[in-house]
Amino acid sequence: MDGETAIPGIEANRPDRKLKMKKFTRKLISQRYLQMMVLLGVAWMIVFNYIPLYGIIIAFKDFNIIKSISEAPWVGLKHFKAFLTDENLLYVLKNTLGMSFFKLIIGFPLPILFALFLNELRNVRFKRFVQTISYLPHFLSWVILGGILTTWLADVGIINNILMALHWIDEPISYLAEPSYFWGIVVTSDIWKELGWSAIIYLAAISSVSPELYEAATIDGAGRFQQMFRVTLPMIKGTVSILFILAVSGILNSNFDQVFILRNQLNETASNVIDTYVYQTGITQGRYSYSTAVGLFKSIIAFILLLCANFVTKKLNDTSLF
């Protein structure tokens with residue numbers, strides 16, 4: 001038998017690989033200007049997202065700001081155990097999960113419904129006006145919106161004045177001083193800020209639905225309301241599923257900017273979430289290793305939730321991130 005006899009499978013694959021590589025190289029060359037633009041984004045991600053990952057190791061060390069990370073002694077899972085046995089853990093998790101849960105069950109479907117009804121408007125000018133007004137708050141920072149809300153919800157604010165004028169309340173209410181109102185304020189203000197902006201994604205998905213489907217539904221006798229839920233909604237279920245997966249994975253993210261601006265010592269029992277807890281322990285108390293461990297713990301749970309949500313949506317409607 002000839003020693004140079006080639007294995008048929010390997011020899012057959014080599015030309016295909018070379019051909020694919022040539023096509024890939026030609027494509028890169030033809031898109032060289034676009035690739036150069038992408039390189040800036042890749043460089044930004046490497047510098048600000050991947051290089052700082054080295055600092056995660058201080059979660060397993062007793063880091064002191066006076067010494068370098070490499071000089072800090074290893075302590076294993078000490079800080080994770082300290083967090084899991086911390087007396088503040090239960091109410092911090094309750095506040096985080098509580099606010100995020102209501103944001104998910106209320107704030108997630110509302111942009112979908114808003115996009116469905118906005119798509120049914122036939123007056124183009126009015127449609128553009130409503131859309132512009134709805135997503136305008138997105139471009140304002142929580143520092144600005146927090147100041148507006150603090151003024152509105154004050155004892156002499158517009159909310160109390162309106163409610164007292166309608167005789168719904170007899171005396172002013174200090175909303176931000178009452179822990180029982182804090183979750184509702186956070187959820188409502190988050191919806192107000194992001195409703196219109198979130199609906200843009202669904203409007204883009206709706207615009208890709210074939211008009212022939214609506215014509216067929218009209219011939220079958222379906223009204224506009226039925227078309228919304230029998231044609232439009234099923235055709236954008238892929239977009240809805242992807243955004244739902246991302247929303248579930250971020251359920252432990254309670255929007256630090258929003259909570260930090262609206263919280264105070266009077267509503268601390270309802271406003272102290274994981275993000276603010278990490279800020280307090282890490283920045284104000286100087287417990288950098290402990291706060292890093294808490295942040296890493298949150299990221300691990302978020303990754304697990306991402307996998308679970310991805311698995312469930314893939315089983316239900318065969319749509320997933322991966």
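Quick note: residue numbers are just sequence positions, from 1. The figures that follow rest on heavy atoms only: side chains count, while hydrogens, waters and symmetry mates do not.
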Measure from the side-chain N and O atoms of S100 to the backbone N and O of L97, and report whether any donor-acceptor pair falls under 3.5 Å.
no
Do T218 and Q227 pair up side chain to side chain, a donor and an acceptor below 3.5 Å, judged on atom types alone?
yes
I'd like to know if Y135 and I148 are part of one continuous hydrophobic network [Ile/Leu/Val/Met/Phe/Trp/Tyr, side-chain heavy atoms within less than 4.5 Å].
no
Taking all heavy atoms of T281 and all of T284, pick out the closest pair and write down the distance.
N-OG1, 4.3 Å
Over all heavy atoms of both residues, which pair between T188 and G184 is shortest? Give the atoms and the distance, please.
OG1-O, 2.7 Å
If you look at every heavy atom in R263 and S271, which pair is closest and at what distance?
CB-OG, 3.4 Å
Does the side chain of K127 come within less than 4.5 Å of V124's, by heavy atoms?
no
Should F260 and L145 be counted in the same cluster of Ile, Leu, Val, Met, Phe, Trp and Tyr side chains packed under 4.5 Å apart?
no
Look at the side chain of Q258 and the backbone N and O of V186, then say whether any donor-acceptor pair between them is shorter than 3.5 Å.
yes
So, for T292 and G55, which heavy atoms are closest and what is the spacing to 0.1 Å?
CG2-O, 4.2 Å
Once you round to the nearest 0.5 Å, how far does OG1 of T239 lie from OH of Y202?
8.0 Å
Flag, side chain of S291 to backbone of Y288, donor-acceptor distance under 3.5 Å:
yes
Between N88 and N272, does a side-chain contact (heavy atoms from CB on, under 4.5 Å) hold up when you go through it step by step?
CA-CA 9 Å; N88 297 316; N272 198 10; 5.6 Å; no
More than 12 heavy atoms of other residues, nucleotides or ligands under 6.0 Å from CD1 of I65: is that the case?
no
Shortest non-hydrogen pair, R224 vs L121, comes out as NH2-N, 4.4 Å
Between CZ of F311 and CG of L306, what distance do you get to the nearest 0.5 Å?
14.0 Å
Side-chain (R125) to main-chain (N123) donor-acceptor, under 3.5 angstrom:
no
Count the heavy atoms of every other residue, nucleotide or ligand shown that sit under 6.0 Å from NZ of K298, and state whether that count exceeds 12.
yes
On the 0 to 90° scale, with breaks at 30° and 60°, tag the H79-Y290 ring pair as parallel, tilted or perpendicular.
perpendicular
Please answer whether the main-chain N or O of H138 pairs with a side-chain N or O of K193 as donor and acceptor at a distance below 3.5 Å.
yes
Starting from the C-alpha separation in whole Å, work towards a yes-or-no answer on side-chain contact (heavy atoms from CB on, under 4.5 Å) for S134 and L195.
CA-CA 7 Å; S134 65; L195 177 66; 5.6 Å; no
Any idea how F80 and F60 line up, ring-wise: parallel (<30°), tilted (30 to 60°), or perpendicular (>60°)?
tilted
Looking only at the aromatic ring of each residue, does the gap between the centers of Y175 and W152 stay below 6.0 angstrom?
no
Would you find a donor on one side and an acceptor on the other, under 3.5 Å apart, between the side chain of N161 and the backbone of G157?
yes
Are I191 and I251 in one and the same hydrophobic cluster, where Ile, Leu, Val, Met, Phe, Trp and Tyr link if side-chain heavy atoms are under 4.5 Å apart?
no
If you measure only the distance, is there a donor-acceptor pair under 3.5 Å linking the side chains of N255 and K103?
no
F139 vs W197, ring pair (Phe, Tyr, Trp, His ring centres under 6.0 Å): CA-CA, chis, key distance, verdict
CA-CA 9 Å; F139 298 99; W197 184 256; 5.3 Å; yes
Could you check whether atom CZ of F229 has more than 12 heavy atoms from other residues, nucleotides or ligands sitting under 6.0 Å from it?
yes
Look up atom CD1 in I112 and atom CD1 in I201, then write down how far apart they are to the nearest 0.5 Å.
10.5 Å
Take atom CG of D170 as the centre, draw a 6.0 Å sphere, and report whether it contains more than 12 heavy atoms from other residues, nucleotides or ligands.
no
Does atom CH2 of W168 have more than 12 heavy-atom neighbours, drawn from other residues, nucleotides or ligands, at distances under 6.0 Å?
no
Verify whether one side chain among D62 and S289 offers a donor that lies under 3.5 Å from an acceptor in the other.
no
Could you tell me the separation between the OG1 atom of T96 and the NZ atom of K94, rounded to the nearest 0.5 Å?
11.0 Å
Show, in sequence, the C-alpha distance, side-chain angles and deciding distance for L19 and K23, and conclude whether the side-chain contact (heavy atoms from CB on, under 4.5 Å) test is met.
CA-CA 6 Å; L19 183 60; K23 289 182 178 179; 4.0 Å; yes
For E120 and F117, indicate whether the former's side chain and the latter's backbone hold a donor-acceptor pair under 3.5 Å.
no
Hey, are Y214 and T232 close enough side-chain-wise for a donor-acceptor pair under 3.5 Å?
yes
Within a strict 4.5 Å, meaning less than it, do heavy atoms of the L118 and F114 side chains meet?
yes
So does L176 get a backbone contact from the side chain of N267, meaning a donor-acceptor N/O pair under 3.5 Å?
yes
Without swapping roles, check the side chain of N160 against the backbone of I173 for a donor-acceptor pair under 3.5 Å.
yes
Would you find a donor on one side and an acceptor on the other, under 3.5 Å apart, between the side chain of D220 and the backbone of A222?
no
Is I169 reachable from V156 through a run of I, L, V, M, F, W or Y residues, each pair having side-chain heavy atoms under 4.5 Å apart?
no
When rounded to the nearest 0.5 angstrom, what distance separates CG in L116 from CG in L203?
8.5 Å
On a heavy-atom basis, which atom in F182 and which in M99 lie closest, and how many Å separate them?
CE2-SD, 4.0 Å
Using the six-membered ring wherever Trp is involved, compare the ring planes of Y277 and F83 and label them parallel, tilted or perpendicular (cut-offs 30° and 60°).
tilted
Do the non-hydrogen side-chain atoms of I200 and Q131 ever get within less than 4.5 Å of each other?
yes
A side-chain contact here means heavy atoms from C-beta on lying under 4.5 Å apart; do F256 and V278 qualify?
no
Hey, is OH on Y279 packed in by over 12 heavy atoms from elsewhere, all under 6.0 Å?
no
State which residue, out of I56, I51, I57, I58, fulfils the side-chain contact (heavy atoms from CB on, under 4.5 Å) condition with Y54.
I57
Going by heavy atoms in the side chains, are I185 and L153 under 4.5 Å from each other?
yes
Connected via hydrophobic side-chain network under 4.5 Å: V47 and W44
yes
Reported CZ-to-CD1 distance for the pair F108 and I106, which is rounded to 0.5 angstrom
14.0 Å
Considering only heavy atoms from C-beta outward, does the side chain of W183 approach that of N95 to under 4.5 Å?
yes
Taking side chain as C-beta onward, heavy atoms only, is D275 less than 4.5 Å from V259?
no
Taking side chain as C-beta onward, heavy atoms only, is F297 less than 4.5 Å from L84?
yes
